[in-house]
Each structure stands twice: as C-alpha cells, then as structure tokens.
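Step one of this worksheet: look at the structure below.
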Number of protein chains: 2
Amino acid sequence: MTRSRSANKDAPEHLVLETFLPYRLSVLANRVSNAIAQDYEAGFGLRVPEWRVMAVLGRFGANTATGLCHQTAMDKVTISRAATTLLARKFITRKTDPDDRRRTILELTAAGQRVHDEIVPVALAHEADLLHTLSQSERAQLDRLLTKLQQETEVTASRENARGAAQTR
Amino acid sequence: MTRSRSANKDAPEHLVLETFLPYRLSVLANRVSNAIAQDYEAGFGLRVPEWRVMAVLGRFGANTATGLCHQTAMDKVTISRAATTLLARKFITRKTDPDDRRRTILELTAAGQRVHDEIVPVALAHEADLLHTLSQSERAQLDRLLTKLQQETEVTASRENARGAAQTR
DNA sequence: AACTATTCGTTGCAAGTGAAACGAATTTAG
DNA sequence: CTAAATTCGTTTCACTTGCAACGAATAGTT
C-alpha cells in the first residue's frame with residue numbers, strides 16, 4: 001500500500017486520484033454539501049449561504065454583514081445577496097447602524113427565528129446520519145485531524161492574503 | 001464540550017457552524033482546492049478538471065469521455081470542455097472509436113505525457129505539505145475516516161441515482 | 001476645515017457548473 | 001428490415017460565484 005517511490009526520482013510516477021487528498025476532499029465535500037443543500041431547499045426553500053447567515057444570527061444575535069463574512073467564511077457579495085433574499089422573505093431585518101451609517105445590522109425576525117429553530121434539528125440529524133458509522137473516539141479523531149488540516153490551510157491562506165490584498169493578484 | 005441537549009426537545013438549540021461537519025468539509029475542501037488550483041494554473045495553465053483528465057489518462061492510458069466521467073467524478077460536460085481545451089493545447093488526441101463511432105478515445109500526446117510527469121511531483125508535494133504535521137498513523141486514520149464518510153455518501157448518492165435516473169428529477 | 005485614504009455594502013461583469021435538449025450512432029423490438 | 005429506444009458527446013441555457021468598480025460614510029492628515 002505505502003509504495004515507496006522516493007528512491008527513483010525520474011520514474012514517471014502517476015497519481016492515484018482516488019487516494020489523492022485534495023481530490024477526495026473535493027468530492028466528499030461536494031456530495032455532502034449537495035445532499036444537505038437539498039434538505040434546506042426542499043424543506044425550507046433556503047440555499048446554503050442563506051442558511052449559514054441564519055445559523056450565525058440565531059446563535060449570536062444581531063450582526064453586521066462584515067461580521068457575518070468572518071463567521072461564515074463566505075464572500076461579502078454572497079452575504080449581501082443572501083441577506084436580500086432573507087429580507088424579502090421577512091426572515092431577517094436590515095437596519096442601518098446609527099453609530100456608523102456605513103454598517104447595516106442584520107437580525108432574525110420572529111418568523112426567522114422559528115424557521116431557524118426548525119432547521120437546526122434537521123441539520124444536526126443530517127450530520128448524525130453522516131457520522132452514524134463512526135464510534136465516539138473516531139469522531140474525536142476526525143475532529144482533531146480536520147482541525148490540523150484547517151490550520152495548515154490557514155497558514156497558506158494568510159500568506160495569500162498578505163500578498164493578495166496588496167497586489168492586484 | 002459534548003453538550004447533551006437531547007433531553008429537552010423544545011430547546012431552541014443553535015448550531016455551532018465551525019464544528020458542523022458539512023460546513024467544515026466545505027470550507028476545508030474549498031481552501032485546499034483553490035490552493036492547488038493555483039499551482040496548476042500558475043505553473044502549467046491548467047485548471048482542475050483538465051488536470052484530472054490528464055491524471056487519469058496518464059495512469060490508465062487511453063480512455064473514453066464516459067470512462068473519464070466515472071474515474072474523475074466530474075460531469076460529462078466538464079470532461080467535454082476539458083478535453084477541448086487539452087486538445088487545442090495538443091496535450092491529448094481525440095479520435096473516434098472505430099468499433100463504436102459514438103465514442104471518442106482520448107489519449108495523452110508525448111507533450112501531454114511530459115507535462116503530466118512534471119505536474120505529478122508538484123501535486124504530491126502539495127499534498128505532502130498539507131499532511132506534514134500528521135504522523136504516519138494519523139494519515140492512516142484519516143484515510144480510514146474519509147473512506148467511511150465516502151461510503152456513507154455513496155449510499156445516499158446511489159439512492160438518489162436510482163430515483164433520479166428513472167424520473168425527471 | 002479641507003483633502004486624502006479607508007471601510008462598508010451593493011451592483012456589474014466574467015467565468016465555471018450542471019441540467020436539459022440535441023444530433024449522431026448503435027442497440028433492441030416487433 | 002424497419003422503427004423505437006438507448007447511448008455518446010456536444011451545445012445551449014440558467015444559475016451561482018467571486019473579482020472589480022462604485023457611491024456613501026467615516027477616519028486620518030496636513
């Protein structure tokens with residue numbers, strides 16, 4: 001299984017796609033995301049960005065668009081559009097911050113809160129379903145490993161931001 | 001940490017986004033994918049779908065578009081476009097299968113093979129970099145856990161296909 | 001106080017993605 | 001042997017996504 005190839009550096013080695021981590025993560029995350037998106041869409045007419053906004057508002061209360069950017073790891077454009085949709089459906093309110101009138105403060109309405117409280121169990125059930133074959137210690141292990149991988153990508157992400165923010169690309 | 005909430009089913013529990021598996025997978029996979037896509041793009045002018053096609057052709061030799069669909073987990077439209085691009089850059093050839101003239105057989109050219117052999121180490125280095133904080137046993141564990149999760153999504157995926165193929169949706 | 005730089009959120013625009021429709025080729029049924 | 005059904009790959013179209021540009025508001029500088 002652990003093919004040691006390092007000896008011969010001119011070997012035209014090929015890459016086994018289905019064991020290649022970036023590929024595996026991409027396929028897995030896509031499948032999970034599509035499956036759960038279907039839950040949100042079918043049950044509540046919400047898409048993932050909209051749901052993420054509601055999840056954060058439901059957890060922390062009122063927040064600005066920029067605050068939601070950081071909490072949800074989504075682009076501010078995506079937040080803006082999600083907020084517009086949620087506003088039209090009266091799941092949130094959007095009012096200008098009197099202290100800084102560039103900011104808009106988003107907050108769940110009572111109806112939005114009710115929907116939020118309905119979705120949470122659905123989302124958690126979906127997650128539980130995904131994890132149901134894993135033992136408690138395996139889940140803890142998964143958590144640890146994902147955290148490590150996340151940290152690894154954060155390092156490079158911050159490097160990129162340092163350059164990316166300054167230059168055009 | 002493991003807050004037991006199951007007792008009170010009316011509690012308006014909120015969902016902690018950063019520990020929610022679908023969210024974590026999505027963010028992580030996105031970051032990894034973007035980072036490695038930059039490698040391919042910057043170094044070789046290739047995008048992920050194009051690279052995946054080359055990886056499979058480099059490993060198994062000539063293949064049809066449909067075959068590549070299954071091997072790469074990408075849509076046939078994506079394969080078709082990737083193939084067009086690779087053809088224009090003369091990294092692959094595309095000829096009609098004489099045995100079944102609906103099929104087109106794709107194959108790496110000598111130039112394509114050379115590029116392939118150049119990219120593989122870059123890709124593997126990127127993966128190694130991502131994994132460098134993980135011990136050998138942690139990598140094995142990660143492999144096991146991802147496999148389990150993949151299997152879980154395959155079950156639901158096949159259910160969907162069973163319905164999806166028969167009906168309009 | 002006036003002028004520049006920065007931040008906030010929205011809008012416009014270009015690129016990627018997948019579903020559906022399509023023509024061509026093959027297989028299956030009658 | 002003809003006609004319907006299926007398969008293969010491409011094209012078209014609708015939708016999502018993120019970058020860049022923008023106006024409005026605030027902060028910083030001289």
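The chains referred to below are lettered A, B, ... by the order of the sequence lines, with proteins before strands, and numbering in each begins at 1. Since this is a predicted model, take the numbers as computed values, not measurements.
- The interatomic distance linking B:Asp99 (CG) with D:dT7 (P) rounds to 19 Å, in whole Å.
- No side-chain donor-acceptor contact under 3.5 Å links B:Thr66 and B:Arg102.
- B:Arg101 has its CZ atom 18 Å from the P atom of C:dG23, to the nearest Å.
- For C:dT17, the OP1/OP2 oxygens have no side-chain nitrogen or oxygen of B:Thr78 closer than 4.0 Å.
- Nearest to the side-chain atoms of B:Arg47 among the listed nucleotides D:dG9, C:dG16, D:dT26 stands C:dG16.
- Atoms OH (B:Tyr40) and C1' (C:dG16) sit 18 Å apart, rounded to a whole Å.
- An OP1 or OP2 oxygen of D:dG9 is reached within less than 4.0 angstrom by a side-chain nitrogen or oxygen of B:Thr104.
- Nearest to the side chain of B:Val77, among D:dC19, C:dT7, D:dT12, sits D:dT12.
- The side chain of A:Arg102 contributes no N or O atom lying less than 4.0 Å from OP1 or OP2 of C:dG9.
- Residue B:Arg94 places its side chain closer to D:dT10 than to any other of D:dT10, D:dC19, C:dG16.
- Comparing A:Thr66 and A:Asn30 against DNA chain C, the residue whose closest nucleotide sits nearer the 5' end is A:Thr66.
- The separation between A:Asp100 atom CG and D:dA27 atom P is 6 Å, rounded to whole Å.
- At the heavy-atom level, A:Thr64 lies under 4.0 Å from the strands shown only through sugar-phosphate atoms.
- Rounded to an integer number of Å, the gap from CD1 of A:Ile79 to C1' of D:dT16 is 15 Å.
- In this entry the distance linking CE of A:Met74 with C1' of C:dG9 reads 15 Å, nearest Å.
- Taking the charged nitrogens against the carboxylate oxygens, B:Arg89 and B:Glu50 have no contact shorter than 4.0 Å, which rules out a salt bridge.
- Side-chain contact, B:Thr147 with A:Arg24: a donor N or O sits under 3.5 Å from an acceptor N or O.
- Comparing C:dG18, C:dG9, D:dC8 by their closest approach to the side chain of B:Asp75 singles out C:dG18.
- Just one residue in the list A:Tyr40, A:Phe44, A:Phe91 forms a ring-ring contact (aromatic ring centres under 6.0 Å, His included) with A:Trp51, and that residue is A:Tyr40.
- The nearest whole Å value for the distance from the CZ atom in B:Arg103 to the C1' atom in D:dT10 is 17 Å.
- In the set D:dT10, C:dT26, C:dT10, the nucleotide with an atom closest to the side chain of B:Lys76 is D:dT10.
- A:Asp97 has its CG atom 17 Å from the P atom of C:dT7, to the nearest Å.
- For A:Asn34 and A:Gln38, the side-chain atoms include no donor-acceptor pair closer than 3.5 Å.
- Using a 4.0 Å heavy-atom criterion, one finds that B:Arg81 contacts the bases of the nucleic acid, with or without backbone contacts as well.
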